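The block underneath contains the structure these notes are about, expressed in structure tokens.
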Amino acid sequence: MIFHRICGILLKKQEIAGYFILGKVITVANQKGGVAKTTTAINLSAALGHMGKRVLLVDSDPQGNSTTGYGIRAADKKQLSLTTYDVIMGQARPAEAIVQTKFENVSLMPATGELAEAEIRLLKFEQKTLQLRKALLQIKDEYDIIIIDTLPSLGVLALNTLAACDSLIIPMQCEPYSLEGVAELFATIKRVKKSANKSLQILGIVFTMTDKRLMVNREVMKKIRKEFPEDVIFKTEIPRGVRIAEAPSHGEPIIYYDPKSKGADAYLKLAKEVVARL
Ligand code: ADP
Ligand code: MG
């Protein structure tokens with residue numbers, strides 16, 4: 001299949017969502033930066049919470065943008081005594097670091113810049129890529145869905161987020177180089193499946209920042225759809241919209257910041273698709 005050739009890995013039918021019952025820990029991953037990983041982690045978790053699911057969002061990016069997007073600003077971050085860093089380093093139990101957000105059913109494990117230090121400090125652990133997985137096992141039963149926002153690197157911190165999850169949501173911008181980024185990600189997935197996380201699956205690819213008026217967008221989208229089996233790509237696309245981009249600086253997910261916007265509607269629809277696939 002073309003799909004296999006492009007991605008350079010053999011994905012068996014069973015490894016694609018829909019063939020197995022998937023677990024509930026989902027990492028939003030793509031090795032490219034700026035493809036809306038964080039935006040999707042924030043807004044999907046909010047939409048799932050709004051649907052009545054008990055959600056935990058784990059911010060595993062030292063930039064801490066998911067944390068800020070939920071209204072915990074730089075000044076508030078200084079007050080946080082425990083964060084994802086402490087959990088991943090085994091210095092705190094997850095329950096000690098998790099905070100309640102003011103949004104329906106969403107809890108957050110916040111991140112600050114300190115998390116960048118984990119990249120080096122994790123190396124001393126024998127099971128350095130399994131620290132987050134082991135930690136989340138302690139609290140898995142308390143949530144319906146756990147979403148992890150990760151960083152676009154391939155370091156040990158990013159590997160922790162790939163090892164800790166059951167499946168991946170891959171946000172993808174429809175640009176000419178998007179497929180190359182995803183091919184890289186698939187090569188990583190293959191490596192992770194061989195070592196830290198044998199049962200890792202792909203829940204789906206979601207097109208983000210789409211703009212139907214742009215010819216290049218439409219063409220790339222068509223090309224990508226051709227390369228992947230139909231059921232890998234979510235039917236919901238996230239349109240480019242200024243309200244989605246504005247929402248984080250107001251510390252609110254889009255469904256609260258502007259419930260009537262196209263972006264809010266799209267993330268609610270995506271949440272429904274995600275639940276249907278789980
Ligand atoms: P990543 O986490 O993959 O690096 P981000 O979620 O931070 O990506 O998004 C990158 C930039 O694109 C941010 O400035 C964000 O506000 C913006 N963005 C993401 N999704 C949309 C969208 N649907 N419409 C407009 N801007 C968006
Ligand atoms: Mg991000």
Side-chain angles (χ1 to χ4, degrees), residues 26-47 57-74 77 83-84 108-113 115-116 118-119 132 147-155 157-158 160-162 165 168-175 177-182 184-185 188 204-214 216-217 220-221 234-271 273:
I26 303 169
T27 294
V28 183
N30 189 326
Q31 276 165 245
K32 263 177 82 97
V35 296
K37 287 185 291 298
T38 298
T39 305
T40 298
I42 294 170
N43 292 307
L44 178 62
S45 55
L57 173 61
V58 178
D59 192 348
S60 282
D61 185 341
Q63 290 194 359
N65 291 341
S66 277
T67 303
T68 320
Y70 264 97
I72 299 176
R73 288 153 208 279
K77 282 185 184 175
T83 64
T84 303
L108 171 75
M109 191 187 288
T112 61
L115 187 56
E119 206 72 82
L132 186 60
I147 306 271
I148 304 176
D149 181 22
T150 188
L151 61 172
S153 86
L154 256 192
L157 187 53
N160 262 271
T161 66
L162 296 179
C165 65
L168 301 172
I169 289 180
I170 305 172
M172 205 164 165
Q173 223 182 323
C174 293
E175 285 180 347
Y177 295 116
S178 300
L179 266 175
E180 285 166 33
V182 168
E184 266 173 50
L185 176 68
T188 306
I205 292 171
V206 56
F207 291 143
T208 57
M209 295 183 250
T210 59
D211 188 342
K212 289 257 162 63
R213 291 166 305 180
L214 288 179
V216 57
N217 238 224
V220 174
M221 211 181 272
F234 286 106
K235 293 204 165 53
T236 309
E237 289 165 16
I238 311 298
R240 182 179 287 281
V242 68
R243 303 296 273 171
I244 293 186
E246 277 171 11
S249 57
H250 295 263
E252 292 184 346
I254 187 70
I255 58 165
Y256 298 99
Y257 178 63
D258 189 352
K260 294 210 167 76
S261 63
K262 284 198 176 114
D265 183 53
Y267 274 110
L268 283 167
K269 283 188 176 137
L270 180 65
E273 270 197 80

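Read the numbers this way: they start at 1 and go in the same order the structure lists the ligands and their atoms. Because the structure is a prediction, the values reported are computed rather than measured.
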Show the nearest heavy-atom pair for residues L270 and V206, with the distance to one decimal. CD1-CG2, 4.0 Å
Q63 near the Mg ion (ligand 2): N/O/S under 2.8 Å: no
Which residue and atom name correspond to the protein heavy atom nearest atom 8 (O) of ligand 1, and how close is it? A36 N, 3.0 Å
In the complex you have, is atom 3 (O) of ligand 1 within reach of the protein, judged by whether a heavy-atom distance drops under 4.0 Å? yes
Evaluate the side-chain contact (heavy atoms from CB on, under 4.5 Å) criterion for residues I26 and C165: first the C-alpha distance (whole Å), next the side-chain angles of each, then the deciding distance (0.1 Å), finally the verdict. CA-CA 5 Å; I26 303 169; C165 65; 5.9 Å; no
Is it the case that ligand 1 has an N or O less than 3.5 angstrom from some N or O of I238? no
Relative to atom 23 (N) of ligand 1, which among G33, P239, P171, P248 owns the nearest non-hydrogen atom? P239
Just so I know, are the side chains of L154 and Q31 near enough to count as touching, which here means a heavy-atom distance under 4.5 Å? yes
Identify the two heavy atoms, one from T83 and one from A111, that lie closest to each other, and give their separation to 0.1 Å. CB-CA, 4.4 Å
V35 heavy atom under 4.0 Å from ligand 1: yes
At what distance is the nearest protein heavy atom to atom 6 (O) of ligand 1, and which residue and atom is it? T39 OG1, 2.6 Å
Nearest non-hydrogen atom to atom 16 (O) of ligand 1 belongs to which of A247, A245, G241, P152? A245
Once rounded to the nearest 0.5 Å, what's the spacing between atom OG1 of T40 and atom CD1 of I238? 6.0 Å
Can you find a protein heavy atom under 4.0 Å from atom 11 (C) of ligand 1? no
Evaluate K37 for polar contact with ligand 1, using N/O atom pairs at a separation under 3.5 Å. yes
Can you confirm whether K77 is buried at NZ, in the sense that more than 12 heavy atoms of other residues, nucleotides or ligands lie under 6.0 Å from that atom? yes
Minimal non-hydrogen separation, M172 against N30, with atom names: CA-ND2, 4.4 Å
Atom 21 (C) of ligand 1: the protein heavy-atom neighbour that sits closest, reported with distance to 0.1 Å: M209 CG, 3.4 Å
Look at the side chain of S153 and the backbone N and O of G155, then say whether any donor-acceptor pair between them is shorter than 3.5 Å. yes
Sidechain-backbone polar pair: E273 side chain, T236 backbone, donor-acceptor under 3.5 Å: yes
Below 4.0 Å from ligand 1: does a non-hydrogen atom of I244 turn up there or not? yes
Look only at interatomic distance and state if T40 has a nitrogen or oxygen under 3.5 Å from any nitrogen or oxygen of ligand 1. no
Polar proximity ligand 1 side, T38 side, N/O cut 3.5 Å exclusive: yes
